[in-house]
Amino acid sequence: QVQLVESGGGLVQAGGSLSLSCAASGRTFSNYGMAWFRQAPGKEREFVAFIRWSGSSTYYADSVKGRFTISRDNAKNTMYLQMNSLKPEDTAIYYCAGGTNGGRYYDTQRYGYWGQGTQVTVSS
């Protein structure tokens with residue numbers, strides 16, 4: 001059974017920071033790119049960040065570039081998202097995604113495995 005489990009969400013004031021983790025179990029994801037997505041109420045799930053299996057390349061949505069940092073530790077089968085300078089518009093449920101069905105890294109259909117999500121709320 002493959003599981004992705006996010007942790008680290010919470011409530012923070014605008015300008016603050018949070019760090020999310022995504023722990024993978026049941027399968028080794030070291031050979032696959034992984035990503036973070038988020039979904040705000042009433043909106044579609046949107047791409048946040050992607051990291052290649054080696055960690056050598058990362059990609060970000062324009063809305064988070066320069067504020068968020070994605071990283072991974074393959075030895076621990078864990079991916080991270082450091083979020084700084086948070087804004088109220090960053091409020092959403094954040095999901096980690098892994099595996100690959102092919103396709104673009106920013107496309108939800110690329111990923112076969114998803115976590116349950118963790119709530120991030122940024123107050124103004």
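Considering all non-hydrogen atoms of both residues, Q116 and L4 come closest at OE1-O, 3.5 Å. For the pair T91 and A40, the tightest heavy-atom approach, listed with the atom from each and the gap, is O-CB, 3.7 Å. Heavy-atom minimum distance, K76 versus T78: O-OG1, 2.9 Å. The two residues S124 and A14 come nearest to each other via the heavy atoms CA-CB, 4.4 Å.
No continuous path of hydrophobic side-chain contacts links Y111 to W53 [ILVMFWY only; heavy atoms under 4.5 Å]. Residues Y106 and I51 fall into different hydrophobic clusters, defined by Ile, Leu, Val, Met, Phe, Trp and Tyr side chains chained together at heavy-atom separations under 4.5 Å. Linking Ile, Leu, Val, Met, Phe, Trp and Tyr whenever their side-chain heavy atoms come within less than 4.5 Å puts V122 and L18 in one cluster. Under the 4.5 Å side-chain heavy-atom criterion for Ile, Leu, Val, Met, Phe, Trp and Tyr, M83 and I70 are members of the same hydrophobic cluster. Connection of L86 to I93 is not established within any shared hydrophobic cluster, with ILVMFWY side chains joined at heavy-atom distances below 4.5 Å, either directly or through further cluster members.
Residue Y80 qualifies as enclosed at atom OH: its count of foreign heavy atoms under 6.0 Å is above 12.
Note: M34 CE to S71 OG = 11.5 Å, rounded to the nearest 0.5 Å. The structure places CZ of R104 at 12.0 Å from CZ of F50, a figure rounded to the nearest 0.5 Å. Once rounded to the nearest 0.5 Å, the distance linking CD of Q119 with CD of Q39 reads 11.0 Å. One distance of note links OG of S17 with CZ of F68; it measures 9.5 Å at 0.5 Å rounding. A distance of 15.0 Å separates CZ of R52 from OH of Y32, quoted to the nearest 0.5 Å.
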Q: Could you give me the CA-CA distance, side-chain angles and deciding distance for V64 and R38, then say whether side chain to side chain contact (heavy atoms under 4.5 Å, CB included) is met?
A: CA-CA 11 Å; V64 307; R38 66 186 183 186; 3.9 Å; yes
Q: Start with the C-alpha distance between M79 and W36, add both sets of side-chain angles, then the distance that settles side chain to side chain contact (heavy atoms under 4.5 Å, CB included), and finish with yes or no.
A: CA-CA 9 Å; M79 177 177 67; W36 289 97; 3.3 Å; yes
Q: With side chain to side chain contact (heavy atoms under 4.5 Å, CB included) as the test, would you mind laying out the steps for T108 and E44 before giving the verdict?
A: CA-CA 10 Å; T108 57; E44 292 188 353; over 6 Å; no
Q: Please report the C-alpha distance between Y95 and R45 in whole Å, then the side-chain angles of each, then the deciding distance to 0.1 Å, and finally whether the side chain to side chain contact (heavy atoms under 4.5 Å, CB included) criterion is met.
A: CA-CA 9 Å; Y95 299 89; R45 193 168 297 189; 3.4 Å; yes
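Without hydrogens or angle criteria, E6 side chain to L20 main chain gives no donor-acceptor distance under 3.5 Å. Between the side chain of S56 and the backbone N or O of S54, no donor-acceptor pair lies under 3.5 Å.
Classified by interplanar angle (parallel below 30°, tilted 30° to 60°, perpendicular above 60°), the ring pair F37/F47 is perpendicular.
Between K87 and D90, no side-chain nitrogen of the basic residue sits less than 4.0 Å from a carboxylate oxygen of the acidic one, so the salt-bridge criterion is not met.
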